[in-house]
Amino acid sequence: MFFKLFATTASLLLGASTALPQATPWAPLSPDAKFSLMALRSASEVHFSSVEAAKSSLFLNLPNQNASCDAGPADYATFYLQDGGLYLYAASATPQQLYVDRSGMGQGKLGYTTGAQPPPRNGERTSFELDENNDLMFNGAGFLACPDSIDGAWSVWVSAGVDQPGGNEGCLGVSVRAVEAFAPNGCLYTE
């Protein structure tokens, strides 16, 4: 009797578990998607931190971006990809495009320019892409986050073969995951 009851209960539970929604891998974002970026580095201060933009650079845990936004203040930056270039989203403002300087002087400096402003001498503007998990890559390279930047924030760099770029200490390798922004807030970020 006990075995029969156990077998019936177990089969009901197994059947119910297959009817529940199952975890699926990340679905790729559409090519015209607007998205925020989230740092992933478990057991660190920056795990699940949103990427912010200010003073022509990108940061994690920045208290205030001081951006001029269409729909009020934004706690994180919104991005989009176009022809291999990474841009800060602005519905009504001058375009701001990201660049990477992987030279010996730049050491993976990640920044952005506004309008017709050219990138630094060794700045590269294309080769950004999202991988199958929606992790942002630059020419196949990942990212670093370095502590003790402005207002206690962490600065974001591209991994260019230097573990502690720009004289920083305590830098961590991070994955930078794109998360679709369903109601993007267009902003003009500070230079």
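What you are looking at is a predicted structure, and each value in this text was computed from that prediction instead of being measured. Excluded from the calculations below are hydrogen atoms, water molecules and symmetry mates; all remaining heavy atoms, backbone and side chain alike, are included.
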Can you list the other members of the hydrophobic cluster that holds [X], where links are side-chain heavy atoms under 4.5 angstrom apart?
X: M105; answer: none
X: F59; answer: L62, I150
X: L144; answer: W157

Listed partners of D101 passing salt bridge (Lys or Arg N to Asp or Glu O under 4.0 Å), at least two apart: none

Close side-chain approach of L58 to L98, heavy-atom, < 4.5 Å: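 Side chain of L58 against side chain of L98, heavy atoms only: contact under 4.5 Å found.
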
Residues in ring-ring contact (aromatic ring centres under 6.0 Å, His included) contact with F138, at least two apart in sequence or another chain: F128

Please answer whether the main-chain N or O of [Y] pairs with a side-chain N or O of [X] as donor and acceptor at a distance below 3.5 Å.
X: N185; Y: G72; value: yes
X: E132; Y: P28; value: no
X: N122; Y: R102; value: no
X: H47; Y: R41; value: yes
X: T190; Y: K55; value: yes
X: Q96; Y: L188; value: no
X: Q65; Y: A74; value: yes

Parallel, tilted or perpendicular: ring planes of Y189 versus Y112, cut at 30 and 60 degrees: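 Ring orientation, 0 to 90° scale: perpendicular.
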
Parallel, tilted or perpendicular: ring planes of F35 versus F79, cut at 30 and 60 degrees: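 The arrangement is parallel - the two ring planes meet at less than 30°.
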
All pairs passing disulfide bond (SG atoms under 2.5 Å apart) where residues 57-139 contributes a residue, at least two apart: C69-C187

Steps toward side-chain contact (heavy atoms from CB on, under 4.5 Å) verdict (D83, T126): CA-CA 7 Å; D83 300 325; T126 58; over 6 Å; no

Within 6.0 angstrom of Y89 OH, more than 12 heavy atoms from elsewhere: yes

Separation of T114 OG1 from E191 CD (nearest 0.5 Å): 3.5 Å

Exercise: do K109 and S57 side chains pair donor with acceptor under 3.5 Å: yes

Any side-chain donor near an acceptor of the partner, R125 and T113, under 3.5 Å: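 Yes.
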
